[in-house]
Asker: 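I have a structure here, written as structure tokens, and I will follow up with some questions on it.
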Amino acid sequence: WGSRRKLCPDADLREMQAAAVDPEERINCSHTPSRAEFDRVLPMITPNSYQNLAELLAWTGARVGEALAMKVGAWNREQRELSISGRDPRRARRGKVRTRPFPVVGRLGVLLDMLSAGRDASEPMCGELAIQANSTLNECLARACKRARVPRFTAHGIRRMVAMQVVDNGEAS
């Protein structure tokens, strides 16, 4: 996605050293959706925690693990700020653990208000999703993409979509 914007050269994967790639590492080369494609797919996911998770990813660019570790108390309405961190006491590590503030504007604030309404600060923002939520979300996205007639993309594709929007809007340095 970066090479299409002339931000980095195309990589010749044949020249990569096999020893440098961990055999347990999964490389995600799925389609990176446009915002319009994502907007067509989201309503195709049955309204539930996975639809909320997908929308949260699309507004923050967070990793799935970071979104799953997010507590209701991470949303600071007064400062219009969301704290994103991979810290989760139930698992050794999810995503990056350094907490970073994320500005909340527009639809993200509406979503966070809906997800946190009447809930305790210690509750998970997206509800109690299983450890394998990433695979389940990707399965939901695959079915929704098919119904919306959009090229299949994954949760990580949503993250790349947000990164492209940041770059396209001149917000990246």
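Remember, it's a predicted structure, so these values are computed and weren't measured experimentally. The figures that follow rest on heavy atoms only: side chains count, while hydrogens, waters and symmetry mates do not.
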Asker: Can you see which heavy atom on Pro124 is nearest to which on Val72, and at what distance?
Answerer: O-CG2, 4.2 Å

Asker: Do Met44 and Arg143 touch side chain to side chain, with heavy atoms closer than 4.5 Å?
Answerer: no

Asker: Heavy atoms only: give me the nearest Ala58-Val162 pair and the separation to one decimal.
Answerer: O-CG2, 3.2 Å

Asker: Are any non-hydrogen side-chain atoms of Leu57 and Arg159 less than 4.5 angstrom apart?
Answerer: no

Asker: For Ala144 and Ile45, work out which heavy atoms get closest and say how close.
Answerer: CB-CG1, 3.7 Å

Asker: For the CZ atom of Arg107 and the CE atom of Met114, what is their distance to the nearest 0.5 Å?
Answerer: 6.5 Å

Asker: Test side-chain contact (heavy atoms from CB on, under 4.5 Å) on Leu141 and Arg152 and set out the steps.
Answerer: CA-CA 7 Å; Leu141 286 169; Arg152 181 180 178 171; over 6 Å; no

Asker: What's the verdict on side-chain contact (heavy atoms from CB on, under 4.5 Å) for Phe102 and Ser83, showing C-alpha distance, side-chain angles and the deciding distance?
Answerer: CA-CA 6 Å; Phe102 190 87; Ser83 294; over 6 Å; no

Asker: Say you draw a straight line from CG of Leu56 to SG of Cys126; how long is it, rounded to the nearest 0.5 Å?
Answerer: 5.0 Å

Asker: Can you find a pair of side-chain heavy atoms, one from Phe153 and one from Val41, that are under 4.5 Å apart?
Answerer: yes

Asker: For the CZ atom of Arg100 and the CD atom of Glu66, what is their distance to the nearest 0.5 Å?
Answerer: 4.0 Å

Asker: Is a side-chain donor or acceptor of Asn138 paired with a backbone partner of Ala155 at a separation under 3.5 angstrom?
Answerer: yes

Asker: May I ask you to test the Lys71-Met125 pair for a side-chain heavy-atom distance under 4.5 Å?
Answerer: no

Asker: Using side chain to side chain contact (heavy atoms under 4.5 Å, CB included) as the criterion, point out the one residue from Leu112, Val104, Asp113 that pairs with Arg77.
Answerer: Asp113

Asker: Of the non-hydrogen atoms in Glu37 and Thr32, which two are nearest, and what is the gap between them?
Answerer: OE1-O, 4.2 Å

Asker: Does Thr99 form a side-chain contact (heavy atoms from CB on, under 4.5 Å) with Ile84? I'd like the steps, not just the answer.
Answerer: CA-CA 5 Å; Thr99 301; Ile84 299 177; over 6 Å; no

Asker: For Pro103 and Leu108, which heavy atoms make the closest approach, and how far apart are they?
Answerer: O-CD2, 4.3 Å

Asker: Starting at CZ of Arg35, measure out to CE of Met161 and round the result to the nearest 0.5 Å.
Answerer: 3.5 Å

Asker: Quick one: does Gln51's side chain get under 4.5 Å of Asn48's, heavy atoms only?
Answerer: yes

Asker: So Trp75 and Arg80, do their side chains get closer than 4.5 Å, heavy atoms only?
Answerer: yes

Asker: In Å and rounded to the nearest 0.5 Å, what is the OG to CE distance from Ser34 to Met164?
Answerer: 8.0 Å

Asker: Using every non-hydrogen atom in the two residues, find where Pro33 and Gly157 come nearest and quote the distance to one decimal.
Answerer: CD-O, 3.3 Å

Asker: What residues, two or more places apart in sequence or in another chain, satisfy side chain to side chain donor-acceptor pair (under 3.5 Å) together with Arg147?
Answerer: none

Asker: Measure the spacing between CG of Leu115 and CG of Asn52 and express it to the nearest 0.5 Å.
Answerer: 4.5 Å

